[in-house]
**Student:** 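Take this structure, written in structure tokens, and hold onto it; I'll ask about it next.
Positions are given from 1 along the sequence. Everything quoted here is computed from the prediction, not taken from an experiment. When a ligand or atom number is given, it counts from 1 through the structure's own listing order.
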Amino acid sequence: MIVLKSRREIDRMKAACTIVAEILEGLRAFVLPGATTYDLDAYASSEARKRNARCAFRGYHNYPNSLCCSPNDQVVHGIPSKNVLNSGDILSLDFGVVFDDFYGDAAVTLPVGEISETAKRLIAATEGSLYAAIDMAVPGNRLGDISSAVQTYVESRGFSVVRDFVGHGIGKNLHEDPQIPNYGFSGKGVKLKPGMVLAIEPMINEKSHEVKVLNDNWTVVTCDGGLSAHFEHTVAITEDGPEILTRI
Ligand code: MF3
Ligand code: CO
């Protein structure tokens with residue numbers, strides 16, 4: 001069941017989403033060679049506390065931290081560690097909070113120091129596919145228009161779409177209907193309506209789309225060791241078009 005949100009509820013979601021956006025923005029300055037993802041997680045936790053927001057991922061199905069930190073071949077759900085980041089790494093950061101009963105959820109992939117041309121192209125393709133998808137988030141379109149926009153954008157640039165994980169509706173729960181695959185057919189799926197709020201999150205691999213979960217039961221990695229990137233925004237569908245709630 002897809003829960004539609006009123007204008008007032010979307011404004012409340014915007015408060016949660018702005019906190020997420022501010023903290024992800026603040027994290028950028030710390031994504032440097034020599035830093036650890038453990039330190040990034042501590043920063044995210046303390047910034048959330050300052051704003052009276054609860055970290056959405058901590059304790060979610062027993063996830064141990066506030067931030068998901070997924071370097072290089074890690075796709076999503078990487079657990080913060082004391083390993084240092086090195087120049088040439090790429091790092092996906094995924095963060096969510098609950099504030100005033102509503103969730104916000106967003107992710108970015110950032111370069112550490114100087115990165116390869118391939119890594120730059122992968123990051124640009126993933127971020128570009130998110131905005132191509134958001135452009136389709138208008139009343140009257142269908143869910144498949146969003147999915148297909150990601151797939152077309154990414155595959156035409158020679159990269160591949162992760163199939164085992166999807167975007168999602170969001171509201172008073174982190175994960176609500178509908179599920180949003182990053183591949184599919186335009187014109188198919190449920191019709192988009194004002195009041196739907198969607199966490200659109202392309203997860204894109206350099207090489208094969210195949211992924212596996214490590215023994216920690218969280219960390220998702222590419223099977224072939226190729227790089228992976230992830231971007232996510234929480235987006236409300238309104239009469240006036242898409243409204244990106246996790247934008248500063
Ligand atoms: N953005 C991810 C999602 O929407 C974050 C979930 S991580 C978890 O599924 F730890 F909370 F599971
Ligand atoms: Co999400």
**Student:** Provide, to 0.1 Å, the distance between atom 5 (C) of ligand 1 and the closest protein heavy atom, together with that atom's residue and name.
**Tutor:** Phe57 CZ, 3.3 Å

**Student:** Which residue holds the protein heavy atom closest to atom 9 (O) of ligand 1, what is that atom called, and what is the gap in Å?
**Tutor:**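 Closest protein heavy atom to atom 9 (O) of ligand 1: His175 NE2, 2.8 Å.
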
**Student:** Do Phe165 and His230 have their ring centres less than 6.0 Å from each other?
**Tutor:** no

**Student:** Leu110 pairs by side-chain contact (heavy atoms from CB on, under 4.5 Å) with which of Ile115, Leu27, Leu93, Ile90?
**Tutor:**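 Among the candidates, only Leu93 passes.
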
**Student:** What I want to know is whether Tyr63 and ligand 1 share at least one N or O pair that is separated by under 3.5 angstrom.
**Tutor:**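 Such a contact does not occur with ligand 1.
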
**Student:** Less than 4.0 Å between a side-chain N and a carboxylate O, is that true for Lys120 and Glu114?
**Tutor:**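 Here Glu114 pairs with Lys120 in a salt bridge, since their nearest N and O are under 4.0 Å apart.
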
**Student:** Decide whether an N or O pair under 3.5 Å exists between Tyr60 and ligand 1.
**Tutor:** no

**Student:** List ligand 1 atoms under 4.0 Å from His168, heavy atoms only on the residue side.
**Tutor:**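 Those of ligand 1 that fall under 4.0 Å from His168 are 3 (C), 4 (O).
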
**Student:** Can you give me the OD2-the Co ion (ligand 2)-NE2 angle for Asp105 and His168, to 10°?
**Tutor:**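 The two atoms subtend 90° at the Co ion (ligand 2).
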
**Student:** With heavy-atom distances below 4.0 Å as the criterion, list the atoms of ligand 1 near Cys68.
**Tutor:** 7 (S)

**Student:** Would you check whether Trp218 has a nitrogen or oxygen atom less than 3.5 angstrom from a nitrogen or oxygen atom of ligand 1?
**Tutor:**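 The answer is no, given that Trp218 and ligand 1 share no N or O pair closer than 3.5 Å.
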
**Student:** If you take the centroid of each ring, where Trp contributes its six-membered ring, are His233 and Tyr131 closer together than 6.0 Å?
**Tutor:** yes

**Student:** Once you measure the plane-to-plane angle for Phe57 and Tyr63, does it fall in the parallel (<30°), tilted (30-60°) or perpendicular (>60°) bin?
**Tutor:** perpendicular

**Student:** Measure the SG-CD1 distance between Cys17 and Ile244 for me, rounded to the nearest 0.5 Å.
**Tutor:**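 The distance works out to 11.0 Å.
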
**Student:** Please list, in number order, the atoms of ligand 1 under 4.0 Å from a heavy atom of His77.
**Tutor:** 6 (C), 7 (S)

**Student:** Tell me, which protein residue and heavy-atom name are nearest atom 2 (C) of ligand 1, and how many Å apart are they?
**Tutor:** Asp94 OD2, 3.1 Å

**Student:** Before moving on, can you tell me the angle at the Co ion (ligand 2) between the OE2 atom of Glu201 and the OE2 atom of Glu232, to the nearest 10 degrees?
**Tutor:** 90°

**Student:** Would you call Glu176 and Lys5 a salt bridge, taking side-chain N to carboxylate O under 4.0 Å as the test?
**Tutor:** yes

**Student:** Which is it for Ser92 and Ser70 under the side chain to side chain donor-acceptor pair (under 3.5 Å) test, yes or no, and what are the steps along the way?
**Tutor:** CA-CA 5 Å; Ser92 300; Ser70 310; 5.6 Å; no

**Student:** Please confirm whether His230 comes within less than 3.5 Å of ligand 1 when only nitrogen or oxygen atoms on both sides are compared.
**Tutor:**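 Among all N and O atoms of His230, none is under 3.5 Å from an N or O of ligand 1.
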
